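Reviewing the structure listed below.
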Amino acid sequence: MSAETIPDRLDLLLGRLKLGVIRDQLDALLDEAARGELSMRETVALLCEREVARRDHRRIEMAMGLARFPFARDLAGFDFSAQPSLDPKQLRDLAQGRWIANGDNLLLLGPPGVGKTHLAVALGREAILAGYGVLFTPAAVLVAQLSKAHEQGALEDKLASLAKPKLLIIDELGYLPFDPNAAHLFFQLVSRRYERGAMLITSNRAVGDWGEVFGDTIVATAILDRLLHHSAVITIRGDSYRLREKRRAGLLQKPAPTEPKTKS
Ligand code: ADP
Ligand code: MG
C-alpha cells in the first residue's frame, strides 16, 4: 500500500471521478447512513442519490440561465380563476411536455396583459425541469439577429444555433410588422425547425392577421402551413391582468358599461 492515508486516497479518487458531493460530504453522509442503519447497498445508493441531485440542480440552473427568460414565472403562480377562457387541465397537460418531445408547436394568442409571456415562461421552465434545452427570445430581437447574420454572411450558423434548443419560445410576434426580408428569414427558421424542434409563439394578433404581420401573404401562408401542421392554438380572452390588479387597488376606474345608443 502507498504511503498515502486512506482518506487522502479516497479524496483523490473521488475527485478524479468528479464525485464532488461524496468527496466533500462523505463524513456527514456516512453518519447519516449509520444513523439510519442503512445496509452497504443502501449507503452506496444514498451517496449516488446526493451526487445526482447536485448535478440535476446544476444542470437546471445552467439551463435556466441559457434560456434567457425575461422574468421568473411558474404555473403555480398563474391565477386561472382570473382567466376563465383558459382550461387549467389543458395547460397542465402541456406542462407534461409531450408536444415538445414530438417537435410540435404551441401558439398563445391574446391581447396584452392576459398572461401569454407568463405562461410561455412557465411552460419553458417545465420543459427545462423535464430535461429539454430551451431558448426564449422576443420576436423583434430574433428578427434583428437573423437580419444581422444574413448581412454578415453568417445566416447558416445562426439558423443552426437557433435549431439547437428543443424548445424555442418566440415572444410578442406581431407587435412590430416584419419587412419582407425579415419574413423570409423567419420562414427559413420555421422550415429549419419544422417537425424537429418545438416552438412556442406568443402573439397579440389573430392568425388571420399574420399576412399583415409578415407583410406578405404568400410567405405568411407558408409559415403558418408549417407552424400549424402539428400544433395547438390557445386564444386567451379578457382583460389585462396588470390593469385588473391596478383597478383592484383603486388606481383605475372600472370601464363604464357601454350605454346603448339613443336616437336623437
Ligand atoms: P402578456 O404577455 O399577455 O402581455 P404577461 O404574461 O406579461 O402578459 O402578464 C403581465 C403581468 O401579469 C405579468 O407579471 C404576469 O405574471 C401577470 N399575470 C398575467 N396574468 C396572470 C394570471 N392569470 N395570474 C397571475 N399573474 C398574471
Ligand atoms: Mg408578453
Side-chain angles (χ1 to χ4, degrees), residues 60 63-97 99-100 105-129 132 134-146 162 165 167-178 182 186 189-190 198-210 212-214 223-224 227-228 231-255:
I60 289 166
M64 293 290 280
L66 288 173
R68 300 205 222 122
F69 293 127
F71 45 49
R73 291 291 186 282
D74 57 19
L75 271 189
F78 193 84
D79 176 6
F80 281 96
S81 68
Q83 214 51 264
S85 66
L86 279 173
D87 175 7
K89 232 179 77 219
Q90 185 184 18
L91 276 136
R92 266 180 240 122
D93 188 51
L94 289 165
Q96 300 294 312
W99 63 286
I100 300 171
N105 300 314
L106 173 63
L107 267 55
L108 288 179
L109 309 177
V114 292
K116 300 182 297 297
T117 304
H118 183 136
L119 290 171
V121 170
L123 290 173
R125 185 175 174 276
E126 293 294 331
I128 287 174
L129 296 180
Y132 298 114
V134 176
L135 177 66
F136 180 107
T137 172
V141 171
L142 176 74
V143 165
Q145 286 177 349
L146 286 171
L162 287 168
L167 172 63
L168 180 66
I169 301 175
I170 303 173
D171 195 34
E172 299 198 341
L173 189 85
Y175 277 90
L176 295 173
F178 285 22
F186 190 78
L189 172 68
V190 171
M199 277 185 281
L200 191 169
I201 299 183
T202 80
S203 179
N204 62 335
R205 307 288 298 266
V207 165
D209 295 344
W210 283 25
E212 227 175 279
V213 170
F214 290 111
I223 289 170
L224 280 170
L227 277 183
L228 298 179
S231 71
V233 180
I234 296 180
T235 303
I236 314 176
R237 288 169 233 285
D239 285 350
S240 160
Y241 191 81
R242 290 188 200 100
L243 298 186
R244 201 184 108 111
E245 293 291 286
K246 285 216 178 95
R247 223 173 267 135
R248 215 185 256 165
L251 296 170
L252 282 176
Q253 296 290 314
K254 212 176 161 48

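Start at 1 and go down the list; that is how both ligands and their atoms are numbered. Remember, it's a predicted structure, so these values are computed and weren't measured experimentally.
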Any idea which protein heavy atom is nearest [atom], and the distance to it?
atom	answer
atom 7 (O) of ligand 1	R242 NH2, 3.3 Å
atom 23 (N) of ligand 1	D79 O, 3.0 Å
atom 14 (O) of ligand 1	R73 NH2, 2.8 Å
atom 15 (C) of ligand 1	H118 ND1, 3.4 Å
atom 8 (O) of ligand 1	G115 N, 3.2 Å
atom 18 (N) of ligand 1	Y241 CD2, 3.2 Å

Exercise. Can you tell me how far the CG atom of L142 sits from the CD1 atom of I169, to the nearest 0.5 Å?
Worked result: 12.5 Å
Heavy-atom side-chain contact between [X] and [Y] under 4.5 Å:
X	Y	result
V121	D171	no
L189	I170	yes
F186	V213	no

For this session: May I ask which of P70, G113, A72 has a heavy atom nearer to atom 1 (P) of ligand 1 than the others do?
Result: G113
Exercise. Which of these, G77, A120, G238, has its nearest heavy atom closest to atom 25 (C) of ligand 1?
Worked result: G77
What I want to know is whether [X] and ligand 1 share at least one N or O pair that is separated by under 3.5 angstrom.
X	answer
F78	no
L119	no
Y175	no
V114	yes

Would a distance-only check, ignoring hydrogens and angles, find a side-chain to backbone donor-acceptor pair under 3.5 Å from [X] to [Y]?
X	Y	result
Q83	V114	yes
H118	L75	no
W99	A198	no
S85	I236	no
K116	T235	no

For this session: Please identify which atoms of ligand 1 are closer than 4.0 Å to at least one heavy atom of P112.
Result: 4 (O)
For this session: May I ask you to check whether T117 brings an N, O or S atom to under 2.8 Å from the Mg ion (ligand 2)?
Result: yes
